[in-house]
Asker: 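What follows is a structure written as structure tokens; I'll ask about it next.
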Amino acid sequence: LSEGGYDQPYNLYSNISSFTRVMAAGTWYPIVSIRLAPGYLDAVAQVKQVDISMVSTDLLHWALWSNVSAANLTGENFVAHTSSSLVQIDQSATAMTTTGCQQIAAGLVSGTNQTAGVTLLELTKYQAQLGRNSFTNVSEIFTLAVYSVTGSSGGSSIGLQALLSWNELL
């Protein structure tokens, strides 16, 4: 018996995404989205970590968005994650609107020929937990997206690698 509480045991899952695109300044581009899988809407999954490594020399604003709906994403196609039956991922969306979404983490990342990265660790448990709408039985979507501060230099592609990790309650 512990009066101080204890940490719940979790399994950690990750998804690595490659992203290369000519980007217009002022437009959000989704890299990866996650949601609870149908049939597992009562599961507990929490975003744990975001890593971004640039492979081009541009300046990007990145953000992790919650309260994203399918209406905010263009061309999304959620599929089962290879290791997790509770969470689905989407890497096919090509555009994103942020109307009604909430930014829960953000930062700037730039690359050099040495590649630079950014790591965001340990979001609060309640802020980072995937939720669901109890009336419509639809999962909330979290989306990692980037926004070019300057636009693609000379029309060249901006490239990056991103890792999105989450915990699932055992």
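Here the structure is a predicted model, which means the values were calculated and not measured. Just so it is clear, the values below take in all heavy atoms, side chains as well, and ignore hydrogens, waters and symmetry mates. Just so you know, residue 1 is the first one in the sequence shown, and it goes up from there.
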Asker: What distance separates N67 CG from Q103 CD, expressed to the nearest 0.5 Å?
Answerer: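 That separation rounds to 12.5 Å.
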Asker: If the condition is side-chain contact (heavy atoms from CB on, under 4.5 Å), which residues does N137 pass it with, not counting sequence neighbours?
Answerer: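 Residues passing side-chain contact (heavy atoms from CB on, under 4.5 Å) with N137: L41, R132.
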Asker: Judged by modelled atom types alone, do T97 and N72 share a side-chain donor-acceptor pair under 3.5 Å?
Answerer: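 Side chains of T97 and N72: pair found under 3.5 Å.
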Asker: So, the side chain of D90 versus the backbone of N77: is there a donor-acceptor pair under 3.5 Å, distance only?
Answerer: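 Side chain of D90 to backbone of N77: a pair is present.
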Asker: Applying side-chain contact (heavy atoms from CB on, under 4.5 Å), name anything that partners V149, two or more places apart in sequence or on another chain.
Answerer: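 If we apply the side-chain contact (heavy atoms from CB on, under 4.5 Å) test to V149, skipping adjacent residues, the hits are L59, H61, L108.
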Asker: Using links of under 4.5 Å between side-chain heavy atoms of ILVMFWY residues, direct or through other members, which residues join L163 in one cluster?
Answerer: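 Grouped by the 4.5 Å side-chain rule, I16 form the rest of the cluster around L163.
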Asker: Measure from the side-chain N and O atoms of S69 to the backbone N and O of E140, and report whether any donor-acceptor pair falls under 3.5 Å.
Answerer: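 Between the backbone of E140 and the side chain of S69 there is no qualifying donor-acceptor contact (under 3.5 Å).
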Asker: Might you point out which heavy atoms bring S148 and A24 nearest each other, and give the distance in Å?
Answerer: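 Heavy atoms only, the tightest pair is CB-O, 4.2 Å.
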Asker: Tell me every residue that passes side-chain contact (heavy atoms from CB on, under 4.5 Å) with Q91, counting only those two or more places apart in sequence or in another chain.
Answerer: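 Only N15, S17, V32, I89 meet the side-chain contact (heavy atoms from CB on, under 4.5 Å) criterion with Q91.
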Asker: Under the side-chain contact (heavy atoms from CB on, under 4.5 Å) rule, collect the residues that match up with S85, sequence neighbours excluded.
Answerer: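 If we apply the side-chain contact (heavy atoms from CB on, under 4.5 Å) test to S85, skipping adjacent residues, the hits are Y40.
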Asker: Assess the side chains of D51 and Q49: does a donor N or O sit below 3.5 Å from an acceptor N or O?
Answerer: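 Their side chains do contain a donor-acceptor pair, which is all the 3.5 Å distance test asks for.
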Asker: Hydrophobic clusters join Ile, Leu, Val, Met, Phe, Trp and Tyr when side-chain heavy atoms are under 4.5 Å apart, directly or via other members; which others share one with F78?
Answerer: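 For the cluster that includes F78, the remaining residues are W28, W65, V68, L73, M96, I141, Y147.
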Asker: Which pair of heavy atoms, one from L36 and one from G131, lies closest together, and at what distance?
Answerer: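 Minimum heavy-atom separation between L36 and G131: CD1-O, 4.1 Å.
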Asker: Given 3.5 Å as the limit, does a donor-acceptor pair link the side chain of H81 with the main chain of S14, or not?
Answerer: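 Yes.
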